[in-house]
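Everything below concerns the one structure shown next.
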Protein chains: 2
Amino acid sequence: MATTTAAQKRAQAKADYDAFLAQCPSRKLLDRIADKWVTLVLSALGSDGSHRFGADCAGEPRPMRYSELSRLLAGVSQKMLTQTLRSLERDGLITRTVTPTVPVTVTYELTGLGLSLHDTVRALKAWAETHMDDVLANRETYDNHAE
Amino acid sequence: MATTTAAQKRAQAKADYDAFLAQCPSRKLLDRIADKWVTLVLSALGSDGSHRFGADCAGEPRPMRYSELSRLLAGVSQKMLTQTLRSLERDGLITRTVTPTVPVTVTYELTGLGLSLHDTVRALKAWAETHMDDVLANRETYDNHAE
DNA sequence: GGGGGTAGCTTCCTGATGGGAAGTGGGCAC
DNA sequence: GTGCCCACTTCCCATCAGGAAGCTACCCCC
């Protein structure tokens with residue numbers, strides 16, 4: 001009781017945190033969708049992926065194949081792509097369709113729910129594209145100031 | 001040339017990726033803002049943090065202290081909070097103000113740029129709160145189906 | 001009929017990364 | 001002076017993401 005006032009407070013905070021999460025699952029969901037690959041996958045599936053992210057690239061939603069997504073989201077590892085797609089499917093944001101052609105074709109498509117999220121994700125992407133120059137300028141200023 | 005067709009394609013994809021990122025920094029920025037702590041910090045600074053995430057909690061933006069943020073974003077480690085705040089400051093989304101009271105007081109506040117991002121982040125949070133039940137239902141269905 | 005090729009994963013290993021907890025500095029209350 | 005508070009910073013370790021290779025199921029070509 002003598003030396004642990006701050007530590008005790010932290011322990012208490014952690015206990016509160018667990019209780020908080022339990023009664024506030026929307027926070028968990030926010031954690032989930034605020035993920036780089038999630039936003040990129042939704043973004044890709046939502047706009048038609050006419051290669052290159054720049055400009056608008058806002059064609060309209062259409063189903064895409066695994067390999068197509070892999071190409072479009074240059075840099076995603078197969079593991080993370082699979083993982084992200086699975087979790088999005090589980091959450092009901094996309095559907096996974098296996099067509100027994102040869103070789104097997106797997107397509108992913110936004111559901112209505114996924115489409116509604118896509119709208120806000122697109123806003124996020126639009127923000128990034130619009131304000132990128134500002135951010136870059138700010139970074140330069142900051143870095144120069146701090147030497 | 002005989003056995004590496006697929007591997008070569010992957011190597012090529014990686015090279016493309018680097019070139020892609022170099023000429024498309026908005027993608028990098030999107031990666032950055034699509035981060036769980038970033039969204040939560042913006043969310044906290046944007047709405048007045050009248051404790052509890054639920055409902056709207058959409059008071060209006062106001063400066064907050066480090067310890068206040070720490071309390072509000074229950075579960076954030078001090079390290080990540082500091083790190084996130086620094087990067088947001090560097091990007092010009094928030095300002096950091098040190099007031100030499102005693103003990104020293106540090107406040108963080110959204111800039112105009114940060115405020116504009118906050119609007120879309122709020123939309124994301126609103127989506128999470130609105131559609132959480134749907135997502136939860138979908139998960140249950142999915143889990144039951146797959147045993 | 002078997003060697004090679006393709007799509008879509010899955011597994012293994014390793015390096016990066018996030019969390020926990022303890023330490024720091026400066027000033028003031030006791 | 002002893003010790004505490006705020007806002008960090010540092011160290012250590014558990015977890016996690018990425019890279020590469022393997023795997024399965026099928027077909028084509030010779």
Side-chain angles (χ1 to χ4, degrees), chain A residues 1-18 21 31-32 34-38 40-41 63-89 94 96-108 146, chain B residues 1-18 21 31-32 34-38 40-41 63-89 94 96-108 146:
Chain A
M1 199 173 284
T3 58
T4 48
T5 323
Q8 280 180 344
K9 253 196 285 186
R10 305 219 187 282
Q12 182 58 39
K14 190 176 181 250
D16 287 351
Y17 173 61
D18 292 339
L21 267 195
D31 287 358
R32 177 70 67 85
D35 172 82
K36 110 186 198 179
W37 295 125
V38 168
L40 287 171
V41 166
M64 287 190 192
R65 303 183 57 172
Y66 179 89
S67 52
E68 196 175 0
L69 283 168
S70 176
R71 225 173 307 120
L72 207 63
L73 307 181
V76 68
S77 66
Q78 297 182 324
K79 190 173 89 175
M80 284 317 290
L81 181 55
T82 303
Q83 211 174 92
T84 305
L85 289 170
R86 284 280 186 288
S87 93
L88 288 176
E89 188 195 358
I94 61 176
R96 176 175 184 271
T97 314
V98 180
T99 320
T101 58
V102 58
V104 66
T105 305
V106 182
T107 55
Y108 296 92
Chain B
M1 200 171 283
T3 57
T4 46
T5 321
Q8 279 179 345
K9 256 196 286 186
R10 303 218 188 284
Q12 182 58 41
K14 193 180 179 245
D16 287 351
Y17 172 60
D18 291 339
L21 268 195
D31 287 358
R32 176 71 67 84
D35 172 81
K36 113 184 194 179
W37 294 125
V38 168
L40 287 171
V41 166
M64 285 191 193
R65 306 183 55 172
Y66 179 90
S67 53
E68 197 176 357
L69 283 168
S70 176
R71 224 173 307 119
L72 207 61
L73 308 180
V76 67
S77 67
Q78 297 183 322
K79 189 172 91 175
M80 285 316 291
L81 182 54
T82 303
Q83 209 174 95
T84 305
L85 290 170
R86 284 283 186 284
S87 94
L88 289 176
E89 187 196 357
I94 61 174
R96 177 174 182 272
T97 313
V98 180
T99 319
T101 56
V102 57
V104 64
T105 305
V106 181
T107 55
Y108 296 92

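In what follows, chains are A, B, ... by sequence order, proteins preceding strands, each numbered from 1.
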Just N and O in the side chain of [X]: are any of them under 4.0 Å from OP1 or OP2 of [N]?
X	N	result
A/Trp37	D/dG18	yes
B/Arg86	D/dT9	yes
B/Ser67	D/dA7	yes
A/Arg96	C/dG8	no
B/Gln83	C/dG18	yes
B/Arg65	D/dC6	no

- So, for A/Trp37 and A/Leu73, which heavy atoms are closest and what is the spacing to 0.1 Å?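 Heavy atoms only, the tightest pair is CZ3-O, 4.5 Å.
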- Distance-minimising heavy-atom pair for B/Thr99 and B/Val104: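 Minimum heavy-atom contact is O-CG2, 3.6 Å.
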- Among all residues two or more places apart in sequence or in another chain, which pass the side chain to side chain contact (heavy atoms under 4.5 Å, CB included) test with A/Arg86?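 Applying side chain to side chain contact (heavy atoms under 4.5 Å, CB included) to A/Arg86 gives A/Thr82, A/Glu89, A/Arg96, A/Tyr108, B/Tyr142.
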- Consider the side chain of B/Val106, meaning its heavy atoms from C-beta on, and name the nucleotide among C/dG18, D/dC8, D/dA17 that approaches it most closely.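 Selected nucleotide (nearest to the side chain): D/dC8.
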- Of the nucleotides D/dG19, D/dT10, D/dA7, which one has an atom closest to the side chain of B/Tyr66?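 Out of D/dG19, D/dT10, D/dA7, the nucleotide with an atom closest to B/Tyr66's side chain is D/dA7.
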Between [atom2] on [N] and [atom1] on [X], what's the gap in Å once rounded to a whole number?
X	N	atom1	atom2	answer
A/Lys36	C/dA16	NZ	C1'	12 Å
B/Leu69	D/dC6	CG	C1'	14 Å
A/Met80	C/dC9	CE	P	15 Å
B/Gln78	C/dA22	CD	C1'	10 Å
B/Leu81	D/dA7	CG	P	10 Å
B/Leu85	D/dC6	CG	P	17 Å
A/Asp31	D/dC16	CG	P	14 Å

- Which residue, A/Lys79 or A/Thr107, contacts DNA chain C at a nucleotide closer to its 5' end, judged by nearest heavy atom?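 The residue mapped nearer the 5' terminus is A/Thr107.
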Check the interface with nucleotides 24-30 of chain D: list each N/O to N/O pair with the protein under 3.5 Å, or write none.
none

- Within a strict 4.5 Å, meaning less than it, do heavy atoms of the B/Asp31 and A/Leu40 side chains meet?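 Counting from C-beta outward, B/Asp31 and A/Leu40 do come under 4.5 Å.
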- Query: Taking C-beta and beyond as the side chain, do B/Val76 and B/Thr84 meet within less than 4.5 Å on heavy atoms?
  - Reply: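 They are not in side-chain contact.
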- Item | Partner set under side-chain hydrogen bond (donor to acceptor under 3.5 Å, both in side chains) for B/Arg65, not counting sequence neighbours |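 Counting only residues at least two positions away or on another chain, B/Arg65 forms no side-chain hydrogen bond (donor to acceptor under 3.5 Å, both in side chains).
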- Name all residues meeting the side-chain hydrogen bond (donor to acceptor under 3.5 Å, both in side chains) criterion together with B/Thr101; count only those two or more places apart in sequence or in a different chain, and write none if there are none.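 In terms of side-chain hydrogen bond (donor to acceptor under 3.5 Å, both in side chains), with neighbours along the sequence ignored, B/Thr101 is linked to B/Thr105.
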